[in-house]
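To start, the structure itself, in structure tokens.
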Amino acid sequence: MIVGIDPPDDAAVWKIDDSRSIVVTTDFFTPVVDEPYDYGAIAAANSLSDIYAMGANPFLALNIAAFPPQLPAEFLGEIIRGAAEKAKEAGVVVAGGHTIQDKEPKFGLVVIGMIDTKNLLTKAAVRPEDLLILTKPLGIGVTTTANKAEKAKIEDIQEAKLWMQTLNKLPSQIAVQLGLKAATDITGFSLLGHAYEMASTSNVEIVFTSKNIPFLSGARQYGEKWYFAGGAADNQLFYKKYVDFSREIDEVMEMLLFDPQTSGGLLIACPPLKIQEFETTANRLRMPYWIIGQAFNGQGLKII
Ligand code: CO
Ligand code: CO
């Protein structure tokens with residue numbers, strides 16, 4: 001094992017020969033949307049994300065499902081179909097899996113990927129001066145929570161679903177192609193939780209500029225009505241001590257930065273010398289991205 005739990009990273013990495021490694025991860029969760037097909041596709045994109053966060057190519061997956069016996073069988077079929085089609089888009093074969101009975105549905109994938117070991121993207125490789133790039137807007141947690149309360153606008157939940165189903169494949173491939181070294185994906189621990197893991201394992205300070213951070217259309221509005229999931233308060237409780245918020249950052253903005261994401265984007269570190277090449281490549285491939293911060297000598301996080 002060359003990367004794993006110490007320091008923690010997005011997936012386990014197992015060296016198989018002088019040049020290549022296998023990357024393995026799993027993730028599963030309860031439904032985030034009402035439609036079973038979309039739930040399956042989102043769960044698959046989310047499970048694949050940790051492989052992309054390492055810079056690897058996923059190729060094989062297994063379903064993990066828990067399902068209440070009273071729910072119609074078509075539901076499970078639709079979940080599995082959504083996941084299989086998303087896996088196919090990623091070039092991944094789903095070779096079976098396992099289902100058990102449980103009160104609340106749960107679904108996700110075990111995913112195996114392959115990488116040229118020298119191309120690994122880790123959390124611990126951010127260097128001072130690196131720019132921090134985010135590839136999906138935040139606010140997925142607060143928008144899906146508002147949706148569960150039946151208070152979200154249909155176009156807002158559609159927007160969130162589109163982003164959640166977007167694979168992190170392209171930003172991962174661009175990062176590897178440009179020889180970048182550090183990335184992670186933004187999921188349950190929020191932008192600040194995951195960024196703190198990068199800052200602490202890389203021994204740098206990361207400074208985010210709040211006006212450059214992208215949010216879903218309804219995020220601010222749902223935040224003002226406090227549709228935050230319990231996870232946002234947990235993240236705040238755990239990570240706030242590592243974050244220096246400038247005085248202009250209001251309570252809602254702070255919570256939005258602690259909002260847990262489902263299938264969020266990649267956070268990629270890019271040296272200033274390579275940023276123009278990154279932007280040119282991303283624009284040519286029509287890949288959305290936002291430059292939201294920079295690393296410096298120091299420690300912890302700062303929001304200005
Ligand atoms: Co991850
Ligand atoms: Co994960």
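Heavy atoms only: backbone and side chains are in, while hydrogens, waters and symmetry mates are out. As the structure lists them, so they are numbered: ligands from 1, and atoms in each ligand from 1.
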Looking at Asp50, which of its N, O or S atoms is the nearest one to the Co ion (ligand 1)? OD1
Atom nearest to the Co ion (ligand 1) - Asp10, N, O or S atoms considered: OD1
Looking at Arg81 and Glu78, is any side-chain nitrogen of the basic one under 4.0 Å from a carboxylate oxygen of the acidic one? yes
One pair to check against side-chain hydrogen bond (donor to acceptor under 3.5 Å, both in side chains): Ser217 and Asp156. What are the steps and the verdict? CA-CA 7 Å; Ser217 309; Asp156 291 341; 4.8 Å; no
Mind listing the side-chain donor-acceptor pairs of residues 289-302 below 3.5 Å, one per line with the distance, residues two or more places apart or on another chain?
from: Tyr289; atom 1: OH; to: Glu279; atom 2: OE1; distance (Å): 2.6
from: Gln294; atom 1: NE2; to: Glu129; atom 2: O; distance (Å): 2.8

Would you check if Leu257 and Glu254 make a side-chain contact, meaning some heavy-atom pair closer than 4.5 Å? no
Is any N, O or S atom of Asp9 under 2.8 Å away from the Co ion (ligand 1)? no
Starting from the Co ion (ligand 1), look over the N/O/S atoms of Asp185 and name the nearest one. OD1
